[in-house]
Asks: 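Can you keep this structure in mind? I'll have questions shortly.
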Protein chains: 2
Amino acid sequence: MSCASLYAPELRARGFRMTSQRKAILHVLHHSGDHLSPAEIFERARREAPGLTYPTVYRTLEFLAKNGLAMPAHIVGKKQLAYQIAGESHHHLICRSCGSSLEVGLDALEPAIRQLEASSGYRFINSHVTLLGLCPKCQKTAG
Amino acid sequence: MSCASLYAPELRARGFRMTSQRKAILHVLHHSGDHLSPAEIFERARREAPGLTYPTVYRTLEFLAKNGLAMPAHIVGKKQLAYQIAGESHHHLICRSCGSSLEVGLDALEPAIRQLEASSGYRFINSHVTLLGLCPKCQKTAG
DNA sequence: TTCCTTATTGCAAATTTTTGCAATAAATTA
DNA sequence: TAATTTATTGCAAAAATTTGCAATAAGGAA
Ligand SMILES: [Mn+2]
Ligand SMILES: [Mn+2]
Ligand SMILES: [Zn+2]
Ligand SMILES: [Zn+2]
């Protein structure tokens with residue numbers, strides 16, 4: 001619950017408001033740390049924010065992503081777009097054949113991303129890249 | 001139309017079938033080259049495959065992605081997941097604030113990706129990375 | 001060509017996600 | 001604290017996406 005006060009100043013500084021619904025959702029994301037689907041987030045967050053509705057969950061997640069507080073990710077296997085609290089950034093390797101996935105640290109892509117920042121002018125903080133490929137097993141099985 | 005015969009052997013070799021629906025959808029993706037939404041693909045492909053339905057479009061796009069013939073991508077602004085024919089691979093830079101986007105060549109991330117292949121055992125062909133960040137304009141406006 | 005096998009499709013219904021708009025409540029000001 | 005502004009929410013309905021299952025048709029065998 002108090003973890004929401006961590007994010008409130010940042011939101012207010014940008015002219016946004018810290019509502020009970022946003023507190024609840026941030027609380028869920030913050031303490032889970034994992035990737036959660038909108039449905040999972042709805043179920044957990046409604047405990048703290050009883051009147052919570054689905055439209056609010058979807059709008060809030062999009063809002064948090066747009067403001068860099070949450071990261072959207074496609075997790076193969078789960079059909080739904082999942083969200084995760086921003087913070088310890090990392091990337092995902094997913095096998096497009098069997099769905100097996102691997103999480104890798106920033107280091108792997110960091111140098112290339114820094115270089116992209118320099119050449120493009122864009123800045124990527126907390127980037128959350130998903131690479132689709134073939135795992136070792138599936139490389140042998142087929143192609 | 002004849003472009004589908006380009007993909008047929010690959011599918012048959014894996015035990016799949018080349019249907020009129022798949023031909024039509026591959027045709028659309030192949031000749032557009034651009035990212036298309038399921039709705040756009042449905043509208044265009046139904047011209048060649050009259051009885052085409054939405055469930056088939058969705059299932060086919062997922063099928064093509066899984067088999068490396070099409071690449072899914074989240075295009076900011078458009079809410080829907082878009083698909084593009086596999087081939088000339090590239091990456092996307094998207095501003096999470098204003099939605100402006102930039103397409104960059106493989107070179108940018110290529111070295112890092114090759115290194116990831118070596119360390120993880122995964123192989124990434126036709127990778128299609130979307131980096132979410134802040135464009136130069138939006139960096140000044142806020143943060 | 002005709003006959004099989006079964007991968008793939010269409011249909012109908014369920015589920016998920018988005019949208020418009022009036023009601024609500026967070027933050028600022030007096 | 002009370003009043004004011006407007007960002008945000010809930011509700012109801014629309015739109016997009018997924019699913020189960022029986023009917024269809026692609027590809028191989030005879
Ligand atoms: Mn992640
Ligand atoms: Mn692309
Ligand atoms: Zn695999
Ligand atoms: Zn921007």
Side-chain angles (χ1 to χ4, degrees), chain A residues 1 4-5 7-26 35-43 45-46 48-67 69-70 72-83 99 142, chain B residues 1 4-5 7-26 35-43 45-46 48-67 69-70 72-83 99 142:
Chain A
M1 182 121 70
S5 63
Y7 304 105
E10 176 150 5
L11 290 188
R12 295 206 187 95
R14 301 189 194 181
F16 300 120
R17 297 172 184 179
M18 178 55 82
T19 65
S20 62
Q21 294 86 344
R22 286 178 181 169
K23 277 182 196 164
I25 290 173
L26 278 167
H35 304 86
L36 298 176
S37 70
E40 290 169 326
I41 293 166
F42 172 77
E43 286 306 335
R46 74 193 304 194
E48 306 219 3
L52 187 66
T53 62
Y54 264 106
T56 295
V57 169
Y58 282 101
R59 282 188 284 225
T60 298
L61 291 174
E62 192 176 343
F63 168 85
L64 294 177
K66 182 166 186 175
N67 288 90
L69 301 185
H74 267 293
I75 304 300
V76 173
K78 299 187 176 186
K79 293 259 172 186
Q80 299 169 296
L81 187 62
Y83 286 84
Chain B
M1 183 124 64
S5 63
Y7 305 105
E10 176 149 5
L11 290 188
R12 294 205 189 99
R14 300 189 194 181
F16 301 120
R17 297 173 185 179
M18 177 55 82
T19 65
S20 61
Q21 294 87 344
R22 288 180 180 166
K23 275 181 197 163
I25 291 173
L26 279 167
H35 304 86
L36 299 176
S37 70
E40 290 169 326
I41 293 166
F42 172 76
E43 286 306 335
R46 74 192 304 192
E48 305 221 3
L52 188 65
T53 63
Y54 265 105
T56 295
V57 170
Y58 282 102
R59 283 188 282 223
T60 299
L61 291 174
E62 192 177 341
F63 168 85
L64 294 177
K66 182 166 186 177
N67 287 92
L69 301 186
H74 267 293
I75 304 300
V76 173
K78 298 186 177 185
K79 294 259 174 187
Q80 299 168 296
L81 186 63
Y83 286 84

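Chain identifiers are assigned alphabetically (A, B, ...) following the order of the sequence lines, protein sequences preceding nucleic acid strands; residue numbering begins at 1 within each chain.
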Asks: Could you state the atom-to-atom distance from CZ of Phe63(B) to C1' of dT9(C) in whole Å?
Replies: 13 Å
Asks: Find the distance Glu48(B):CD to dT9(C):C1' and express it as a whole number of Å.
Replies: 18 Å
Asks: I'd like to know if the side chain of Glu43(A) reaches the main chain of Glu40(A), judged simply by a donor and an acceptor atom lying under 3.5 Å from each other, with no hydrogens or angles considered.
Replies: no
Asks: With the side chain of Thr60(B) defined as its heavy atoms from C-beta on, choose the nearest nucleotide among dT9(C), dG10(C), dA16(D).
Replies: dT9(C)
Asks: Below 4.5 Å, heavy atoms only, C-beta onward: do Leu11(B) and Arg17(B) meet side chain to side chain?
Replies: no
Asks: How long is the line joining CG of Leu11(B) and P of dT6(C), in whole Å?
Replies: 19 Å
Asks: Does dT8(D) have OP1 or OP2 under 4.0 Å away from a side-chain N or O of Arg22(A)?
Replies: yes
Asks: Decide yes or no for Glu48(B) and Lys23(B): does some side-chain heavy atom of the first lie under 4.5 Å from some side-chain heavy atom of the second?
Replies: no
Asks: Rounded to whole Å, please give me the gap between CG in Leu81(A) and P in dA16(D).
Replies: 18 Å
Asks: On DNA chain C, does the nearest nucleotide to Thr53(B) precede the nearest nucleotide to Gly15(B) from the 5' side, or the other way round? Give the residue.
Replies: Gly15(B)
Asks: A side-chain contact here means heavy atoms from C-beta on lying under 4.5 Å apart; do Arg22(B) and Phe63(B) qualify?
Replies: yes
Asks: Please name all residues satisfying side-chain contact (heavy atoms from CB on, under 4.5 Å) with Ala45(A), sequence neighbours left out, ordered by chain then number.
Replies: Ala24(A), Ile25(A), Val28(A), Leu52(A)
Asks: Please report the distance, rounded to the nearest Å, between CG in Leu52(B) and C1' in dT8(C).
Replies: 13 Å
Asks: What pattern of brackets, bars and dots sums up DNA chain D from 5' to 3', given Watson-Crick or G-U wobble pairs under 3.5 Å, [ ] for crossing pairs and | for another strand?
Replies: ||||||||||||||||||||||||||||||
Asks: Nearest 0.5 Å, please: how far is CG in Leu61(B) from CD1 in Ile41(B)?
Replies: 4.5 Å
Asks: Are OP1 or OP2 of dG10(C) and a side-chain N or O of Thr56(B) less than 4.0 angstrom apart?
Replies: yes
Asks: For nucleotides 23-30 of chain C, give me one character per nucleotide, 5' to 3': B if any protein heavy atom sits under 4.0 Å from the base, S if the only such contacts are to the sugar-phosphate, - if neither.
Replies: --BBS---
Asks: Starting at atom NZ of Lys23(B), determine the distance to atom P of dA25(D), rounded to an integer number of angstrom.
Replies: 14 Å
Asks: Could you tell me how far apart Arg14(B) (CZ) and dT8(C) (P) are, to the nearest whole angstrom?
Replies: 12 Å
